[in-house]
Structures are given as structure tokens and as C-alpha cells.
Amino acid sequence: CNKCSDNCNSCDTPDTCYYCQSGYRVSDNNKCEKCLVENCIDCRDGANTCTDCDKGFYPLNDKCVQCSIEHCSDCSSANVCNYCDLGYYLSDDKSSCKSCLPNCDLCLNGEECYICGSGYCYDSLPSSPDYHKCMPCKYDEECNVEGCLKCVPGHSDQCKECHHMMELTDDLQCVKIIEEIEQEEFK
């Protein structure tokens, strides 16, 4: 194996490059030539001609123009955002980035969170008052519900998961399963 020349990702010989690193192009003499357009990552049509830009920029007239949409991490034009920063979601018309719920890193709308920020846990219990929200993770918090294995994060009086032979009620408490009560009565 021969080492490729500087900034070259794929070559047959050190002097013949087929694919360059981001921000470079294969020149006419098969060497890697730096893109001359600022914030350009793909200038395959010429060092002064940009076809793809760094994150937060979009190509326009062979240049890289910064996205003007607040909290947009990738845009395809001045008014069209493709992806928003963590903690934001894309509006239906792709013209803006809107804030997720507090402490939420990934959401598709402003009402449900899918990935919580560091130190926060997603509440997946449908009957919880904090359903689809991110609550502080409190794994060692004492649970004050009799028969409960795990309480709802941040709520020591509301159960999320009951012990075996117990079932969760609508008001997030634990009660013995009816079948178990009936079996105990016949013993």
C-alpha cells in the first residue's frame, strides 16, 4: 500500500488522487487543490466554484452564504431550512425553527419530546401529568407509593411501575391484582 498525497482520500499511486478530503477538489493534474471559496466543502467544478458548503451555509452563485434563519443548522436557501439545532424543530413550511419543550434536545413539534437533554429523563407514562416531557432524572429519589417499583420522575407520590402481582391505577397508585386477591381468599 502506498500513502496517498496530502488531503487525498483515495488514490492508486501517491501522485494520482481520485477523491479528495472535504474542502478540496481533484485538479487537472490529479492532485488535491484547496477550494478557494470560504466555507466551501465541495468545489469539484473549480476551486472558485462551490457546490456544497459547511454546516450553516448554502451555495449561491458559486459562493457560500450563511443561513439567516435563527437556530437553523442546515439550509438550502435564504428562506428554507432543512435541519434545526438541538432543542428546536422545523416549522411545517421550513421557514423557521421553533423551540422544543424545556430540556428537550429532539422533538418534531412543541408538544412532545423524543430525546431529553443531559440529566433529564423522558416521561413515557400516558397517565402522568408530565407525559412526553423531560423531567429531572431522580433515580435515587424515594418513592412514597406502596407497592411501587419506580415512581414518575420528579413525583414521589405517583407510580410508573408496580411490583409483581400489583397493577397501576389511573391515579398512578398500585393495587393488588384482583385475581391474586381472589386466590388468597380461597386458600
Below 4.5 Å, heavy atoms only, C-beta onward: do [X] and [Y] meet side chain to side chain?
X      : Y      : answer
Asp85  : Cys72  : no
Ser128 : Asp123 : yes
Cys81  : Cys97  : yes
Cys20  : Asn7   : no
Thr16  : Cys11  : no
Ser5   : Pro14  : no
Lys31  : Asp15  : yes
Asp12  : Tyr18  : yes

Among Cys113, Cys116, Cys134, which one satisfies disulfide (SG to SG under 2.5 Å) with Cys104?
->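 Exactly one candidate clears the test, Cys113.
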When rounded to the nearest 0.5 angstrom, what distance separates [atom1] in [X] from [atom2] in [Y]?
X      : Y      : atom1 : atom2 : value
Gln173 : Glu167 : CD    : CD    : 13.0 Å
Lys94  : Ser77  : NZ    : OG    : 10.5 Å
Lys176 : Met166 : NZ    : CE    : 7.5 Å
Glu70  : Lys98  : CD    : NZ    : 13.5 Å
Tyr58  : Asp74  : OH    : CG    : 12.5 Å
Leu149 : Lys160 : CG    : NZ    : 12.0 Å

Go through the steps to decide whether Cys159 and Cys174 satisfy the test disulfide bond (SG atoms under 2.5 Å apart), and finish with yes or no.
-> CA-CA 7 Å; Cys159 189; Cys174 294; 3.4 Å; no
Please walk me through it: do Cys148 and Cys143 pass disulfide bond (SG atoms under 2.5 Å apart)?
-> CA-CA 7 Å; Cys148 185; Cys143 190; 3.5 Å; no
Can you tell me if [atom1] on [X] sees more than 12 non-hydrogen neighbours from other groups inside 6.0 Å?
X     : atom1 : answer
Tyr19 : OH    : no
Gln21 : CD    : yes
Asn61 : CG    : no
Asp92 : CG    : no
Asn79 : CG    : no

Taking atom types as modelled and ignoring hydrogens, do the side chains of Asn109 and Tyr89 form a donor-acceptor contact shorter than 3.5 angstrom?
->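 Checked: Asn109/Tyr89 side chains show no N/O donor-acceptor pair below 3.5 Å.
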Heavy atoms only: give me the nearest [X]-[Y] pair and the separation to one decimal.
X      : Y      : answer
Ser22  : Ile41  : OG-CB, 3.1 Å
Val65  : Leu60  : CG2-CB, 3.9 Å
Val37  : Asp62  : CG2-O, 3.4 Å
Lys133 : Leu101 : CG-CD1, 4.0 Å
Glu38  : Cys64  : O-CB, 3.4 Å

Show your reasoning for whether side chain to side chain contact (heavy atoms under 4.5 Å, CB included) applies to Asn144 and Ser156.
-> CA-CA 5 Å; Asn144 298 325; Ser156 63; 3.3 Å; yes
Please name all residues satisfying side chain to side chain donor-acceptor pair (under 3.5 Å) with Tyr114, sequence neighbours left out, ordered by chain then number.
->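 Partners of Tyr114 under the side chain to side chain donor-acceptor pair (under 3.5 Å) test: Glu112.
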Applying salt bridge (Lys or Arg N to Asp or Glu O under 4.0 Å), which residue pairs with at least one partner in residues 42-51 are found, sequence neighbours left out?
-> Asp42-Arg44
Would Cys100 and Cys107 count as a disulfide bond (SG atoms under 2.5 Å apart) if you check the C-alpha gap in whole Å, the side-chain angles of each, and the deciding distance to 0.1 Å?
-> CA-CA 6 Å; Cys100 293; Cys107 66; 2.0 Å; yes
Inspect cysteines Cys67 and Cys75 and report if their side-chain SG atoms are under 2.5 angstrom from one another.
-> yes
Considering only the SG atoms, does Cys35 lie under 2.5 Å from Cys50?
->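 Answer is no: Cys50 does not pair with Cys35 in a disulfide.
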Residue pair His71, Cys84: steps toward the side chain to side chain contact (heavy atoms under 4.5 Å, CB included) verdict = CA-CA 6 Å; His71 303 292; Cys84 296; 5.5 Å; no
Residues Cys8, Cys17; criterion disulfide bond (SG atoms under 2.5 Å apart); working and verdict | CA-CA 6 Å; Cys8 181; Cys17 187; 2.1 Å; yes
Candidate pair Thr49 and Cys43, rule side chain to side chain contact (heavy atoms under 4.5 Å, CB included), full reasoning = CA-CA 5 Å; Thr49 306; Cys43 57; 5.7 Å; no
Do side-chain atoms of Ser96 reach the backbone of Ser91 as a donor and acceptor pair under 3.5 angstrom?
->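 Here the side-chain-to-backbone pair does not exist.
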